[in-house]
Trainee: 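I have a structure I would like to understand better, so I am pasting it below and will then ask my questions one at a time.
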Amino acid sequence: MTNRLPEWMVRDLSLPRLRRYMRAAHGDALAAERLYWWNIEVSAALLGSLHCLELTLRNALHNALAGHHGRPDWWAVACLNERGVKLVDDARRSCARRLSRTTPDDVVAELTLGFWVSLLSQGYDRHFWVPVLHSAFPHYRGRRDRLYKDLTSLVLLRNRVMHHEPVHHRHLAADHDTIYRVLGYLSPELVKEAQAMDRFPAVIAGRAETLRGVRTPRF
């Protein structure tokens, strides 16, 4: 067992970040290195399907709410809670700093995935889900809370992928299935396109060989 990481790796990637991989590898530095690079590889493999889900979800919710309220800046008249109002205001200010003129489309693109998923939470059931947002998922007939639970889990996954955090400890095969299941509620056509370019099955299939000796969950 090798218990020392390369000096350049500690310097460039930081010891606090690498300690989490060392713990997962029982202190074996070579196994920790393999785990670190595999975490990057599997994060990259998830990016395409997450990309499709995030864009499709926000466009579906935005279009439904814009149609319901009769205006593209629906947030100006909708019953957003205090946090929702703050997130919209933050998005508008961010756009104003970068753009000479801000359109509703700019604000939509600036709002986070967490904001869009929050619109499906229990607090918005009467104002959003019942009257309009259920229609944004034409291929879903289940309960709002089940859909919300799936999406909040995917928000955590997306944020960890985008912020270069460990995801190896998650049940990634189940996460991958959830991405496509939810995307299928929105657009079965896009599911087929996304799956055609998806490298995740190949990456996860090679996991056992790549991570031999590393303590991670069995999927």
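As the structure is a prediction and not an experimental result, all values here were calculated from the model. These numbers come from the heavy atoms of this one structure, side chains and all, not from hydrogens, waters or symmetry mates.
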Trainee: Kindly say whether T103 contributes a backbone atom to a donor-acceptor pair with the side chain of D106 at under 3.5 angstrom?
Mentor: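 Judged by distance alone, yes, a pair lies under 3.5 Å.
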
Trainee: Less than 4.0 angstrom from a charged side-chain N to a carboxylate O is my criterion; do D90 and R93 meet it?
Mentor: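 Here D90 pairs with R93 in a salt bridge, since their nearest N and O are under 4.0 Å apart.
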
Trainee: Using atom types as modelled and distance alone, determine if a side-chain donor or acceptor of D198 lies under 3.5 Å from a backbone N or O of A194.
Mentor: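 Here the side-chain-to-backbone pair does not exist.
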
Trainee: Around atom CZ of R160, are there more than 12 heavy atoms from other residues, nucleotides or ligands closer than 6.0 Å?
Mentor: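 It does: R160 CZ has more than 12 such atoms within range.
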
Trainee: Does the plane of the ring in Y36 sit parallel, tilted or perpendicular to the ring in Y21? Use 30° and 60° as the thresholds.
Mentor: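 Perpendicular, since the angle between the ring planes exceeds 60°.
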
Trainee: Can a side-chain donor-acceptor contact be found between T178 and D175 if the only test is distance below 3.5 angstrom?
Mentor: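 No pair is found: no donor N or O on one side chain lies under 3.5 Å from an acceptor on the other.
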
Trainee: Would you please indicate yes or no on a ring centroid separation below 6.0 angstrom for Y185 and F137?
Mentor: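 No: the rings miss the under 6.0 Å criterion.
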
Trainee: With heavy-atom distances below 4.5 Å as the criterion, would you say the side chains of H168 and R207 are in contact?
Mentor: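 No, every pair of side-chain atoms sits at 4.5 Å or beyond.
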
Trainee: Is it the case that atom CZ in R83 sees more than 12 heavy atoms from other parts of the structure closer than 6.0 Å?
Mentor: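 No.
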
Trainee: Is the closest side-chain heavy-atom distance between D125 and R144 below 4.5 Å?
Mentor: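 Yes, side chains in contact.
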
Trainee: Could you tell me whether the side chain of N81 reaches within less than 4.5 Å of the side chain of Y124, counting heavy atoms only?
Mentor: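 Side-chain contact under 4.5 Å: yes.
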
Trainee: Any sub-3.5 Å donor-acceptor pair from R71's side-chain atoms to H68's backbone N or O?
Mentor: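 No, the answer is negative, given that no donor and acceptor are paired below the 3.5 Å cut-off.
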
Trainee: Regarding S153 and R170, do their side chains bring together a donor and an acceptor under 3.5 Å, going by distance alone?
Mentor: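 Side chains of S153 and R170: pair found under 3.5 Å.
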
Trainee: Is there a donor-acceptor pair under 3.5 Å between the side chain of S94 and the backbone N or O of A91?
Mentor: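 Absent.
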
Trainee: Verify whether one side chain among H62 and W74 offers a donor that lies under 3.5 Å from an acceptor in the other.
Mentor: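 Checked: H62/W74 side chains pair up, N/O donor to acceptor below 3.5 Å.
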
Trainee: To the nearest 0.5 Å, what is the distance between NZ on K192 and CG on L190?
Mentor: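 One gets 11.5 Å once the value is rounded to the nearest 0.5 Å.
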
Trainee: Quick one, L65 and L119 - any side-chain contact, counting heavy atoms below 4.5 Å?
Mentor: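 Of all side-chain heavy-atom pairs linking L119 with L65, at least one is under 4.5 Å.
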
Trainee: For the pair H134 (side chain) and V130 (backbone), establish whether a donor and an acceptor sit closer than 3.5 Å, ignoring hydrogens and angles.
Mentor: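 Yes, the answer is positive, given that a donor and an acceptor are paired below the 3.5 Å cut-off.
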
Trainee: Does any part of the side chain of L57, heavy atoms only, come nearer than 4.5 Å to the side chain of L151, both counted from C-beta?
Mentor: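 A side-chain contact exists here, since the closest heavy-atom pair is under 4.5 Å.
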
Trainee: Do E33 and L30 have side-chain heavy atoms sitting under 4.5 Å apart?
Mentor: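 They are in side-chain contact.
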
Trainee: Crowded around E165 CD? As in, over 12 foreign heavy atoms under 6.0 Å?
Mentor: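 Yes - once you tally the heavy atoms of other residues, nucleotides and ligands closer than 6.0 Å, there are more than 12.
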
Trainee: Check whether D28 reaches the backbone of A31 with its side chain - one donor and one acceptor, N or O, closer than 3.5 Å.
Mentor: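 Looks like yes, one N/O pair under 3.5 Å.
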
Trainee: Is I179 close to L46 at the side-chain level, that is, under 4.5 Å between some pair of heavy atoms?
Mentor: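 A side-chain contact under 4.5 Å exists here.
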
Trainee: Carefully, step by step, assess F200 and L172 under the rule side chain to side chain contact (heavy atoms under 4.5 Å, CB included).
Mentor: CA-CA 9 Å; F200 178 86; L172 293 174; 4.0 Å; yes

Trainee: Tell me, do L186 and Y140 make a side-chain contact under 4.5 Å, heavy atoms counted?
Mentor: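 L186 vs Y140: side chains apart.
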
Trainee: For R20, is the CZ atom crowded, meaning more than 12 foreign heavy atoms sit under 6.0 Å from it?
Mentor: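 Enclosed: over 12 neighbouring heavy atoms sit under 6.0 Å from CZ of R20.
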
